[in-house]
Enquirer: 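Provided herewith is a single structure, encoded as structure tokens, for subsequent inquiry.
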Amino acid sequence: FKHSSGAYFSYDPLHDDAQMAALVKKLILHVTHSCTKGGWLVVHWYTPVSKTRNTDLNRAVVMCVAQMQAAKEAKEGK
């Protein structure tokens, strides 16, 4: 995206740990790790509940956010 200063910035939380961490903080996601259940579990407990599991933390967070967005759009009838 283009910043107001005219500089371009890449937004890619799938590959940028700081951007992924910002999503976790902003959206109040709960993150746990389980070696026995296949890696990272990311949960958003608010209505509707979104939950994803993946061995890659960034991918688990991005997938959970995508589920949240899809639920929001379905609720709004988009």
Side-chain angles (χ1 to χ4, degrees):
F1 70 92
K2 189 173 183 179
H3 188 267
S4 59
S5 67
Y8 285 92
F9 293 93
S10 173
Y11 185 72
D12 187 9
L14 190 57
H15 299 102
D16 187 315
D17 293 342
Q19 292 174 353
M20 177 272 303
L23 284 173
V24 170
K25 184 176 179 179
K26 180 178 181 178
L27 300 173
I28 312 170
L29 302 176
H30 300 271
V31 179
T32 59
H33 186 267
S34 172
C35 294
T36 59
K37 293 190 177 184
W40 297 98
L41 174 66
V42 180
V43 180
H44 186 258
W45 291 109
Y46 306 101
T47 307
V49 173
S50 298
K51 177 169 53 173
T52 58
R53 186 180 303 277
N54 197 289
T55 56
D56 180 80
L57 176 58
N58 291 44
R59 185 167 300 278
V61 168
V62 170
M63 288 171 52
C64 186
V65 173
Q67 279 186 4
M68 291 167 57
Q69 183 64 34
K72 178 182 175 185
E73 290 175 1
K75 183 178 178 183
E76 294 173 355
K78 290 184 178 179

Enquirer: Counting neighbours of CZ on Arg59 that are heavy atoms of other residues, nucleotides or ligands and sit closer than 6.0 Å, is the number greater than 12?
Expert: no
Enquirer: Roughly how far, to the nearest 0.5 Å, is the OG atom of Ser50 from the NZ atom of Lys72?
Expert: 12.5 Å
Enquirer: Cut-off 3.5 Å, no hydrogens considered: what does the side-chain donor-acceptor table look like for residues 23-34, sequence neighbours left out?
Expert:
| unit_1 | atom_1 | unit_2 | atom_2 | d |
| --- | --- | --- | --- | --- |
| Ser34 | OG | Thr36 | N | 3.4 |
| Ser34 | OG | Thr36 | OG1 | 3.2 |
| Ser34 | OG | Lys37 | N | 3.2 |

Enquirer: Tell me who clusters with Leu14, hydrophobic residues only, linked when side chains sit under 4.5 Å apart either directly or through other members.
Expert: Val62
Enquirer: So which atom in Asn54 and which in Ala60 form the shortest heavy-atom distance, rounded to 0.1 Å?
Expert: CB-CB, 3.8 Å
Enquirer: Return the set of residues passing side-chain contact (heavy atoms from CB on, under 4.5 Å) with Asn58 (not counting sequence neighbours), or none when no residue passes.
Expert: Asp17, Met20, Asp56
Enquirer: Considering residues at least two apart in sequence or located in another chain, which fulfil the side chain to side chain donor-acceptor pair (under 3.5 Å) criterion with Asp16?
Expert: none
Enquirer: Kindly state each residue pair satisfying side chain to side chain donor-acceptor pair (under 3.5 Å) with at least one member in residues 61-71, sequence neighbours excluded.
Expert: Gln69-Glu73
Enquirer: Answer yes if Tyr11 and Leu57 sit in the same cluster of Ile, Leu, Val, Met, Phe, Trp and Tyr residues linked by side chain heavy atoms under 4.5 Å apart, and no otherwise.
Expert: yes
